[in-house]
2 protein chains.
Amino acid sequence: MKKVDIFKKLRSSGLRPTKQRVEIAKFLFDRDTTFHFTIESLENHLTKKTTCKFALATIYNTVHAFKKAGHLSEVDVRGKKTYFDTNITNHHHFYDNETSELIDIDASEIVIQKIPKAPNGKKIKNVEVFINLKN
Amino acid sequence: MKKVDIFKKLRSSGLRPTKQRVEIAKFLFDRDTTFHFTIESLENHLTKKTTCKFALATIYNTVHAFKKAGHLSEVDVRGKKTYFDTNITNHHHFYDNETSELIDIDASEIVIQKIPKAPNGKKIKNVEVFINLKN
DNA sequence: TTTTTACTTTAGAATTATTATAAACTAGAA
DNA sequence: TTCTAGTTTATAATAATTCTAAAGTAAAAA
């Protein structure tokens, strides 16, 4: 992923490229592997590794705008904090309870042989597999 | 499930059978099908359908004691509220985003053919399948 | 380039779900 | 019946998140 894409991400999310937003986008999208984070972990990084100031609200707003635009997905993890994922493809997760770490599993790595059909007038939107790990 | 079990549930959770706890246990366990709830939905029912008073803390404490004793399980659902399930067997869920409703799927209804092996020194604790529904 | 306007950031307040606290109450043992 | 340990309760505290309104800034208009 190239740096130039960052501005595309911002534009397509309806966001002006301010200092803060560029730093957030750079950190989230200018990387090769997918990345899992919480607002808290993102804030820690930003305040440590960049020179500019970040209000929490700015981080929340920017992350939500990216999510709304489809550049980030949200992962359901037991607990209070919301986890986000830069991988927006259909995929699954390992979750390590000891370290609270998420690991992506490519959709092709899991094959489901049998699945119940959706109830009444409903359809299946997507299937998420969550594999809890232990030591 | 019979009413007599309720006292067993309470005892095995280390709880004295107070008015409030008996009502909660009766509502949760004296039923044929599994039940999904949040603390809020449980409180709504209890205040409407019973004569005794419930402090929120009592509901939280009782539900957590049941969970700790293994009489309730927790379900990961996107959102702020914690969902509980009276089905403590290994099973899966449909989730209807429109109605915020959970529906149990028996473990035997889903067969997984291919699954990645756990990373490094980790083992698979359990596999949860979450099927999102749409209209 | 300057002005203007609409969008942004920010600190702090508000909200929501949950947990902790400490005083008044109660079940069950003695 | 009395006593003691466990309970309920209202309220405060905490944690994550969202809201707000004033001060700041990017980009369009002049």
Side-chain angles (χ1 to χ4, degrees), chain A residues 6-27 36-47 50-69 72-85 100 102, chain B residues 6-27 36-47 50-69 72-85 100 102:
Chain A
I6 286 163
F7 293 92
K8 215 185 280 179
K9 298 269 186 199
L10 287 166
R11 244 180 288 122
S12 62
S13 306
L15 299 178
R16 283 187 186 171
T18 63
K19 275 199 308 297
Q20 286 82 350
R21 288 169 174 173
V22 168
E23 287 296 341
I24 294 173
K26 224 160 59 178
F27 180 58
H36 301 100
F37 64 97
T38 63
I39 297 292
E40 194 193 14
S41 71
L42 179 55
E43 197 213 6
N44 281 340
H45 170 89
L46 293 170
T47 51
T50 71
T51 51
C52 70
K53 233 185 147 201
F54 289 90
L56 253 187
T58 301
I59 303 176
Y60 273 101
N61 289 342
T62 306
V63 166
H64 282 136
F66 284 142
K67 195 200 149 193
K68 201 169 170 191
L72 289 175
S73 65
E74 201 178 316
V75 187
D76 295 324
V77 179
R78 194 188 316 305
K80 292 172 199 168
K81 291 197 193 88
T82 303
Y83 280 74
F84 296 91
D85 190 343
S100 298
L102 280 170
Chain B
I6 286 162
F7 293 92
K8 216 185 279 179
K9 298 269 187 199
L10 286 166
R11 246 180 287 119
S12 63
S13 306
L15 299 176
R16 282 188 186 169
T18 63
K19 277 199 307 296
Q20 286 83 349
R21 287 169 175 173
V22 168
E23 288 297 343
I24 294 172
K26 225 160 57 180
F27 181 58
H36 300 100
F37 65 97
T38 62
I39 297 293
E40 194 192 13
S41 72
L42 180 54
E43 196 212 8
N44 281 340
H45 170 89
L46 293 170
T47 52
T50 71
T51 52
C52 69
K53 232 187 148 200
F54 290 89
L56 252 188
T58 301
I59 303 176
Y60 273 102
N61 289 341
T62 306
V63 167
H64 282 137
F66 284 143
K67 196 201 150 194
K68 200 170 170 189
L72 290 174
S73 64
E74 203 178 314
V75 187
D76 294 324
V77 180
R78 196 190 315 302
K80 292 173 199 170
K81 291 198 194 86
T82 302
Y83 280 74
F84 295 92
D85 190 342
S100 299
L102 280 170

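Because the structure is predicted, anything quoted here is derived from the model rather than measured.
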Let me see the working for B:V63 and B:L42 under side-chain contact (heavy atoms from CB on, under 4.5 Å), right down to the final yes or no.
CA-CA 10 Å; B:V63 167; B:L42 180 54; 3.6 Å; yes

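- The distance between atom CG of B:N61 and atom C1' of C:dA22, rounded to the nearest whole Å, is 14 Å.
- Residue A:G14 is in sugar-phosphate contact alone, with no base atom involved, counting any heavy-atom pair closer than 4.0 Å across all strands shown.
- Applying the side chain to side chain contact (heavy atoms under 4.5 Å, CB included) rule to B:S12 yields the partners B:H71; only residues at least two apart in sequence or on another chain are considered.
- Atom C1' of nucleotide D:dT18 and atom CD of A:E43 are separated by 15 Å, given to the nearest angstrom.
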Atom pairs, protein N/O to nucleotides 13-17 of chain D N/O, distance under 3.5 Å:
residue: D:dA16; atom: OP1; partner: A:K81; partner atom: NZ; Å: 3.3
residue: D:dT17; atom: OP1; partner: A:T82; partner atom: N; Å: 2.9
residue: D:dT17; atom: OP1; partner: A:T82; partner atom: OG1; Å: 2.7
residue: D:dT17; atom: OP2; partner: A:Y60; partner atom: OH; Å: 2.7
residue: D:dT17; atom: O5'; partner: A:Y60; partner atom: OH; Å: 3.2

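- Taking 4.0 angstrom as the limit, A:Q20 places a side-chain polar atom (N or O) nearer than this to OP1 or OP2 of C:dT10.
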Evaluate side-chain contact (heavy atoms from CB on, under 4.5 Å) for A:V75 paired with A:L102, printing each intermediate quantity in order.
CA-CA 9 Å; A:V75 187; A:L102 280 170; 4.0 Å; yes

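- Residues satisfying the side chain to side chain contact (heavy atoms under 4.5 Å, CB included) test with A:A55, not counting sequence neighbours, are A:T58.
- Spacing between atom CZ of A:F54 and atom P of C:dT8 amounts to 15 Å, rounded to whole angstrom units.
- A donor-acceptor pair under 3.5 Å is absent between the side-chain atoms of A:E23 and the main chain of A:L46, judged by distance alone.
- Rounded to whole angstrom, the span from the CG atom of B:L15 across to the P atom of C:dT26 amounts to 18 Å.
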List the atom pairs, donor and acceptor, that lie under 3.5 Å between side-chain atoms in residues 77-84 of chain A and the rest of the protein, sequence neighbours left out.
residue: A:R78; atom: NH1; partner: B:E74; partner atom: O; Å: 3.2
residue: A:R78; atom: NH1; partner: B:D76; partner atom: OD1; Å: 3.0
residue: A:K81; atom: NZ; partner: A:E40; partner atom: OE1; Å: 3.1
residue: A:Y83; atom: OH; partner: A:S100; partner atom: O; Å: 3.4

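- With sequence neighbours left out, A:E43 forms a side chain to side chain contact (heavy atoms under 4.5 Å, CB included) with A:T47, A:L56, A:I59.
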Protein N or O to nucleotides 21-30 of chain D N or O, pairs below 3.5 Å:
residue: D:dA26; atom: N3; partner: A:R16; partner atom: NH1; Å: 3.3

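- To the nearest angstrom, C1' of D:dT18 lies 14 Å from CD1 of A:I59.
- Between the A:S41 side chain and the A:F37 main chain, no donor and acceptor come within less than 3.5 Å of each other.
- The closest donor-acceptor contact from the side chain of B:R21 to the backbone of B:R16 lies under 3.5 Å.
- C:dG28 atom P lies 11 Å from atom CZ of B:R21, rounded to whole Å.
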